[in-house]
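Some notes on the structure that comes next.
Reminder, nothing fancy here: chain letters follow the sequence lines and each chain counts from 1.
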4 protein chains.
Amino acid sequence: MSETTERRVRQAAIELFATRGFHGTGIRDLAEAAGLSSATLYHYMGTKEDLLASIMRVSLERVLDNAARLLADVTSPVERIARLIALHVMTHAEQKLETRVVDGEIRALSESRRPEIVALRDQYEDLWQDAIDTGCREGLLRTSAPRVARLALLEMCSGISHWYSADGPLKLDDLAAHYIEMALGALGANCSIESVHSVVIDVQAVTRAP
Amino acid sequence: MSETTERRVRQAAIELFATRGFHGTGIRDLAEAAGLSSATLYHYMGTKEDLLASIMRVSLERVLDNAARLLADVTSPVERIARLIALHVMTHAEQKLETRVVDGEIRALSESRRPEIVALRDQYEDLWQDAIDTGCREGLLRTSAPRVARLALLEMCSGISHWYSADGPLKLDDLAAHYIEMALGALGANCSIESVHSVVIDVQAVTRAP
Amino acid sequence: MSETTERRVRQAAIELFATRGFHGTGIRDLAEAAGLSSATLYHYMGTKEDLLASIMRVSLERVLDNAARLLADVTSPVERIARLIALHVMTHAEQKLETRVVDGEIRALSESRRPEIVALRDQYEDLWQDAIDTGCREGLLRTSAPRVARLALLEMCSGISHWYSADGPLKLDDLAAHYIEMALGALGANCSIESVHSVVIDVQAVTRAP
Amino acid sequence: MSETTERRVRQAAIELFATRGFHGTGIRDLAEAAGLSSATLYHYMGTKEDLLASIMRVSLERVLDNAARLLADVTSPVERIARLIALHVMTHAEQKLETRVVDGEIRALSESRRPEIVALRDQYEDLWQDAIDTGCREGLLRTSAPRVARLALLEMCSGISHWYSADGPLKLDDLAAHYIEMALGALGANCSIESVHSVVIDVQAVTRAP
DNA sequence: AATGAATGAGAGTTCATTCAT
DNA sequence: TATGAATGAACTCTCATTCAT
C-alpha cells in the first residue's frame with residue numbers, strides 16, 4: 001500500500017472534511033481530490049467514517065503526546081497553562097484543517113465510534129482543567145468558575161484554526177504569545193511569566209522534534 | 001398558512017441542523033420532527049437551503065437589532081464591549097441551537113446565498129471591532145492585536161452554545177458576568193465596571209422586550 | 001399505497017427471484033419489471049431482503065392455512081398424506097415461481113431473518129412427518145427410515161415447480177393423482193385410497209376457497 | 001501451475017457456490033477461502049463463470065462415465081434403474097456440495113455457456129428415461145407418465161445432497177438401498193431385486209475405481 | 001392544508017477483472 | 001507464482017424535490 005498515496009488520501013480528506021464538512025463531502029469528491037477513482041479509494045481506507053475516525057485519532061494522539069512531553073518536569077501551574085495554550089494555538093494554526101475536523105466533526109461519528117474519540121479529547125482537556133484547578137487552589141489564578149474558564153479558553157484558542165494564515169501580518173510565535181497573555185489575563189494571573197516567548201520556543205522545539 | 005406549523009418546522013430545522021448539521025439532516029428527518037409528511041413540508045418552506053438561510057437571517061437580524069438598542073447612548077467603549085459580551089453570551093445560551101446553526105453552517109450555503117448572510121455577520125462583528133479599537137485608542141484597553149482579540153473573544157463567547165444548560169449549576173446572569181470579567185481581563189482592562197451585573201440586567205431587559 | 005402497484009412489485013420480484021435468484025436480481029431489474037423507477041420501488045417495499053422475506057412468509061402462511069383446513073377432521077394417516085401431497089403438488093404447480101423462491105432462496109436470508117421463515121417451513125414439514133410417523137406406527141406404511149422418506153417425498157413433490165406448465169400434456173389433477181400414487185408406492189402403502197381423485201378435488205376446493 | 005493450489009481454488013468455489021450460490025459468492029470470498037489474493041486467483045481460473053462451468057462439466061462427465069461403466073452389460077431395466085439410483089444417491093451424498101452446484105446453478109450460466117452443460121445433464125437424464133421407458137414397455141414398471149416419473153425420481157434422489165451427513169444415523173449404503181426401494185415402489189415394480197445391497201456394492205466399486 | 005406517488009441524481013460501497021511488477 | 005494497485009460498472013439505497021389529487 002503506497003505510503004504516499006495513502007497520505008494523499010488523508011490530506012484530501014482533511015481538506016474536504018474541514019471545508020465542506022464530513023456529510024458535505026462525497027466519496028467522489030474525495031477521490032477526485034486525491035487523484036484516484038472512487039473504487040481505488042477503498043484500497044487506502046475502510047469506510048468514509050473509518051477515515052474520519054482515523055484522522056481524529058492520529059491528531060488527538062499527536063497532541064496528547066506533545067502535551068505530555070511539554071509538561072514533563074513543569075510544576076508551576078501557570079507555566080503549564082501557558083505551555084498548553086501555546087501548544088494548542090500553534091497546533092490549531094499549523095494544522096488548521098486537521099484541527100477543524102477534530103473539533104467540528106465529532107458529531108458525525110456514529111454512536112459506536114464516538115466514545116473512543118471523545119475519550120481522547122477528554123483526556124486532553126483534563127490536562128487543561130487540572131492546570132487551571134491547581135492554579136486556583138494555589139491562589140495564582142482568580143476565576144470563579146474554573147470549568148467555565150477551561151471551556152471558554154479552549155474555544156478561544158481553537159478559533160485560530162478558522163482564520164489563521166501563514167501569510168498574515170502576525171508571526172505565529174507572536175500570535176501564540178498574544179493568546180497566552182489574553183488567556184492569563186482572563187484567568188486573572190498577573191502575567192509574571194518571565195518570558196512568554198521562551199514558552200513559545202519550547203513548544204516549537206517539541207512539536208518539531210521527531 | 002398556519003403560523004404555528006411554520007414555527008414547528010423552523011424549530012425542528014434548528015434542532016436538527018444544530019445537532020446533525022445541515023448536510024447531516026435529511027428532508028425526511030425534518031418532516032418527521034415537525035410531524036408532517038415531507039411533501040407537506042414544502043408548504044412551509046422553499047428549499048432546504050432557503051430554510052437554512054432564513055433561520056440565519058432572522059437570528060442575525062434579531063441580534064443586530066438588540067445590539068443597536070443596547071448600545072444606543074452608550075459611549076464608554078468598555079461599557080459597550082461589556083454589553084456586547086453579555087448580549088452575545090446570553091443569546092448563545094438562550095438560543096444555543098439557533099446560534100450553533102448560524103455560527104456553524106455558513107459553509108453549507110451556496111456561493112450565491114452566502115454573501116447576504118456573511119454581510120449580516122460582518123456587520124455584527126464590526127460592532128465588536130469598533131468598540132475594541134476605540135478602547136485601545138483611548139488607552140482603556142491593552143491589546144497588541146485588536147483584530148486577533150476580537151476573533152478570540154467572539155469564539156470564546158460563542159462557545160457557550162456548545163455546553164450551556166439551563167439546569168447547570170451557574171445561573172445565566174452569573175455566567176454572563178463571568179464572561180465579561182474574563183474578556184475584560186483578556187483585554188487588559190482594569191475591570192472597573194462599577195457593576196458588571198447592571199450590564200447583565202440591561203441586556204436582559206432589552207432581549208426580553210417585545 | 002396503490003394496492004395494485006404493490007402487487008405488481010411482488011409479482012415482478014417473484015418472477016425474477018425465481019428465475020435468476022435473489023442475488024442474481026438487481027434492484028433495477030426489479031424496477032424495470034414492475035414498470036417503476038428504482039427509487040419508486042422503495043415506496044412499495046422495505047429493503048430487497050424485506051421483500052424476499054415477505055414473499056416467503058405469505059406463501060408459507062397460505063400453505064399452512066390450506067393444510068390446516070384440509071387436514072381438519074381427517075384421521076386416516078394415509079388420507080392425510082395423500083392430501084398433503086396433493087396440496088403440495090398443486091401449490092408447487094400453480095404457484096411454481098413463488099414456491100421456487102420459498103424453497104430455493106432461504107439461504108439468501110440474513111442470519112437474523114432466517115429463523116422466522118425456517119420456523120414456518122419446519123411447521124409445515126412437521127405435518128408431513130407426523131402423518132408418515134403415524135402411518136408407520138399403525139402399520140399402514142412400510143418405510144425403514146421415516147425421516148428420510150419425508151425428505152425424499154418433499155423433494156420429489158417440490159420438483160414439479162421446476163418444469164410444470166399449464167399447457168403440458170397432463171392436466172394438473174392427473175399429475176397430482178400420479179404423484180399420490182408414486183408417493184404411496186414409495187411408502188409401501190397398498191394404494192387402496194378409494195378414490196385418489198376425490199382427494200384432488202377436495203384440495204382444489206380448499207385452495208380456491210376465499 | 002501448482003496442481004494442489006488449483007484444487008484448493010476449485011474446492012473453495014464448490015463450497016461457496018453450494019452454500020451461498022454463484023451470485024452470492026464474491027471473487028474476494030473465493031480468494032480468501034482459497035488462501036490467495038483475488039489477483040492470484042486468476043492464475044488458476046478463467047473468469048468466475050469459467051470456473052463454475054468447469055466444475056459442472058467435470059462433475060457431469062464423471063457421473064456419466066461412472067454410469068456408463070455401471071450399466072455396461074446390464075440389460076434388465078429394473079437393474080439399470082436400481083444402479084442409476086444408487087449411483088445418483090451416493091454421488092449426491094458423497095459430493096453433496098458439488099452436486100448442489102451442478103443442480104442449482106445452471107441458471108447462473110450465460111446463454112452461451114449453458115447449452116454445453118445442459119447437454120451433458122440431458123445425456124445423463126436420458127439414461128434414466130431410457131431405463132424407465134424400457135421397464136414400462138416390458139411391463140416391469142407401472143407408471144402412467146414415465147416422463148413425470150423420471151423427473152420426480154431425479155428430484156427425490158438429488159435431494160439427499162441438501163441434508164446428508166456422513167455422521168448421520170444411517171450408513172450411506174443403507175440410505176442408497178432405502179432410496180432404491182422407495183423409487184421402485186414409486187414405479188410400481190415389485191421390488192424383486194434379489195439383492196438391493198449387491199447393487200450398492202457394485203456402485204461403490206465403480207465410483208471408487210481409479 | 002395535506003399527502004401518496006413519483007423520480008433523476010447521487011449517496012457509499014462492492015463488483016469482477018486487469019496489469020505492472 | 002504471486003500480488004498491490006487500479007478501475008469502470010454496478011450494487012443497494014437515499015437524496016431533495018415535484019405534482020396531481
query = What is the distance from NZ of A:K48 to P of E:dG10, rounded to the nearest Å?
reply = 15 Å
inquiry  = Tell me if a side-chain donor or acceptor on D:R20 pairs with a main-chain N or O of D:T25 at a distance below 3.5 Å.
reply    = no
note = 5'-most contact on DNA chain E (nearest-nucleotide basis), D:F22 vs A:S38, goes to A:S38
ask   = Does C:R28 make a side-chain donor-acceptor contact with the base of F:dA10, cut-off 3.5 Å?
value = no
message = If I take atom NE2 in residue C:H23 and atom C1' in nucleotide E:dA16, what distance separates them, rounded to the nearest angstrom?
response = 16 Å
task = Return no unless some side-chain N or O of C:Y44 is found under 4.0 Å from OP1 or OP2 of E:dA6.
result = yes
key: Pair assignment for F:dC11, Watson-Crick or G-U wobble, requiring both distances under 3.5 Å   = E:dG12
Donor-acceptor pair, side chain of B:S54 and main chain of B:D50, under 3.5 angstrom = no
task = Rounded to the nearest 0.5 Å, what's the gap from CD1 on C:I106 to CG on C:L60? Could you check?
result = 7.0 Å
Closest to side chain of D:Y42, choosing from E:dT17, E:dA5, F:dC15 = E:dT17
inquiry  = Taking any heavy-atom pair under 4.0 Å as a contact, classify D:T47: base, sugar-phosphate, or nothing.
reply    = sugar-phosphate
remark   = B:E6 CD to E:dA1 P, in whole Å, measures 11 Å
task = Can you figure out which of E:dG8, F:dG4, E:dC15 approaches the side chain of D:A39 most closely?
result = F:dG4
query = Taking CG from A:L36 and C1' from F:dG8, how many angstroms apart are they, rounded to a whole number?
reply = 14 Å
request  = Please state how far atom CG in B:L41 lies from atom P in E:dT3, giving the value in whole angstrom units.
outcome  = 11 Å
query = When the distance from CG of B:L51 to P of F:dT17 is rounded to whole Å, what number comes out?
reply = 10 Å
ask   = C:E49 has an atom CD; how far is it from atom C1' of F:dC11, in whole Å?
value = 15 Å
inquiry  = Reading DNA chain F from 5' onward, which residue's closest nucleotide shows up sooner: C:D29 or B:T25?
reply    = C:D29
remark   = 5'-most contact on DNA chain F (nearest-nucleotide basis), A:H43 vs C:G46, goes to A:H43
query = Across all strands shown, which nucleotide pairs with F:dA6 by Watson-Crick or G-U wobble geometry, both distances under 3.5 Å?
reply = E:dT17
message = One thing to verify: whether A:E61 and A:R57 come together as a salt bridge, which I'm taking to mean a side-chain N less than 4.0 angstrom from a carboxylate O.
response = no
ask   = Rounded to whole angstrom units, what separation is found between the CD1 atom of C:I27 and the C1' atom of E:dG10?
value = 16 Å
ask   = According to a strict under-4.0 Å criterion, is C:S37 in side-chain N/O contact with OP1 or OP2 of E:dA6?
value = no
message = Just verifying a value: how many Å separate C:L97 CG and C:S59 OG, rounded to the nearest 0.5 Å?
response = 11.0 Å
inquiry  = It should be established whether D:T40 places a side-chain nitrogen or oxygen under 4.0 Å from OP1 or OP2 of nucleotide F:dT3.
reply    = yes
